[in-house]
Amino acid sequence: MQGLIHIYCGDGKGKTTAALGLSLRAAGSGKRVVLLQFFKDGKSSEFTALAHVPGIEVICQTRTFGFSWTLSEAEKVEAKDYYSGLLEEAFRRAAEADVLVLDEMMSACTTGMTSEGRLLELLKEKPAKLEVVLTGRNPSQALLDAADYVTEMKKIKHPYECGVAARKGIEY
């Protein structure tokens, strides 16, 4: 089976949810999934559940840095080194896997925390059978061109606009 590249993007809710749904489907069919989530500490409710699903390996960050616009130049360099290392580790671990999910990959690229050029190289060099899922807002044209699937989640209405905060078990 030829592995394809998926992008779930847009300003709407559901990018991570779609990627995790695909992960569960893959694991349920006996496939091995490696999942890395950028900028999040792995404490969202879905990762508590995923830790118990056979066939899904979650790479959790051991460090967080805060928002990119609040970091000093030295902190940005440190964060970029860290996140770039995670990206390389994810592709290494996925060498024998069937599916690699890189959640919030677009943000890692657009904030300069990882190199989009290196990501594109890794995508070109990936094992032929490896399915790769990238999520996040504002993918570049180069990433869109590299993808086989592109699905855009469009926000029509969201309760946050009316002051409803994110709710455990629903939004995180």
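We use all heavy atoms of the structure for the numbers below, so side chains are in, but hydrogens, waters and symmetry mates are not.
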statement: One should read off an interatomic distance between Arg25 CZ and Lys31 NZ, to the nearest 0.5 angstrom, of 12.0 Å
query: Can you name the nearest heavy-atom pair linking Leu100 to Leu130, along with the distance?
result: N-CD1, 3.8 Å
message: Check whether Lys126 reaches the backbone of Gly3 with its side chain - one donor and one acceptor, N or O, closer than 3.5 Å.
response: yes
Pairs where residues 54-73 contributes a residue and the test salt bridge (charged side-chain N to carboxylate O under 4.0 Å, His left out) is met, not counting sequence neighbours: Arg32-Glu57, Glu57-Arg93, Arg63-Glu78, Glu73-Lys76
- request: Examine distances only and state if a side-chain atom of Lys15 and a backbone atom of Gly10 form a donor-acceptor pair shorter than 3.5 Å.
  value: yes
message: Tell me whether Arg92 is salt-bridged to Glu89, with the criterion being a basic N under 4.0 Å from an acidic carboxylate O.
response: no
query: Is there a path of hydrophobic side-chain contacts, each under 4.5 Å between heavy atoms of I, L, V, M, F, W or Y residues, that connects Leu122 with Val34?
result: yes
message: I'd like to check Val33 versus Val53 (side-chain heavy atoms, cut-off strictly below 4.5 Å). Are they in contact?
response: no
- prompt: Looking at side-chain heavy atoms only, is the closest gap between Tyr149 and Glu131 below 4.5 Å?
  reply: yes
field: Distance in Å, Lys13 NZ paired with Lys155 NZ, rounded so as to fall on 0.5 Å steps
entry: 13.5 Å
Considering all heavy atoms, the nearest Val99-Ala26 contact: CG2-CB, 3.9 Å
task: Check whether any side-chain heavy atom of Arg137 sits under 4.5 Å from a side-chain heavy atom of Asp11, and report yes or no.
output: yes
field: Heavy-atom side-chain contact between Val101 and Thr16 under 4.5 Å
entry: no
- prompt: Would Tyr8 and Leu4 show up in the same hydrophobic cluster when neighbours are defined by side-chain heavy atoms closer than 4.5 Å?
  reply: no
- prompt: Out of curiosity, does Phe47 fall in the hydrophobic cluster containing Phe39 (side-chain heavy atoms, cut-off under 4.5 Å, transitive links)?
  reply: no
Point-to-point distance, once rounded to the nearest 0.5 Å, from CG of Asp148 to CD1 of Ile7: 9.5 Å
- prompt: Who passes side-chain hydrogen bond (donor to acceptor under 3.5 Å, both in side chains) against Glu104, sequence neighbours left out?
  reply: Ser107
- request: Might you confirm whether atom CZ of Arg118 has over 12 heavy atoms from other residues, nucleotides or ligands at distances under 6.0 Å?
  value: yes
For the student: nearest non-hydrogen atoms of Ile56 and Ser23, plus distance: CD1-O, 3.9 Å
- request: Give, for atom CZ of Phe67 and atom OG1 of Thr111, the distance between the pair rounded to the nearest 0.5 Å.
  value: 11.5 Å
- request: Please report the closest heavy-atom contact between Ala79 and Met113, naming both atoms and the distance.
  value: CB-SD, 3.5 Å
field: Contact summary for Ala90 and Leu36, nearest pair of heavy atoms
entry: CB-CD2, 3.9 Å
- prompt: Heavy-atom distance under 4.5 Å between the side chains of Leu35 and Val133, does that happen here?
  reply: no
message: In terms of relative ring orientation, are Tyr83 and Phe65 parallel, tilted or perpendicular, with 30° and 60° separating the classes?
response: perpendicular
field: Single hit among Leu143, Thr135, Leu119 for side chain to side chain contact (heavy atoms under 4.5 Å, CB included) with Met105
entry: Leu119
query: Which value, rounded to the nearest 0.5 Å, describes the distance between Leu87 atom CG and Lys80 atom NZ?
result: 11.5 Å
query: Should Val150 and Met106 be counted in the same cluster of Ile, Leu, Val, Met, Phe, Trp and Tyr side chains packed under 4.5 Å apart?
result: yes
field: Test item: Asp98 and Lys129 side chains (from C-beta on) under 4.5 Å apart, heavy atoms
entry: yes
message: Does Glu75, at its CD atom, have more than 12 non-hydrogen atoms belonging to other residues, nucleotides or ligands within less than 6.0 Å?
response: yes
field: Rounded distance [0.5 Å steps], CG in Leu102 versus CG in Leu86
entry: 10.5 Å
statement: Shortest non-hydrogen pair, Pro127 vs Ala95, comes out as CG-O, 3.8 Å
message: Same cluster or not: Phe38 versus Leu20, using hydrophobic residues (I, L, V, M, F, W, Y) connected whenever any side-chain heavy atoms lie under 4.5 Å apart?
response: no
field: Thr64 vs Tyr82 side-chain heavy atoms within contact, under 4.5 Å
entry: no
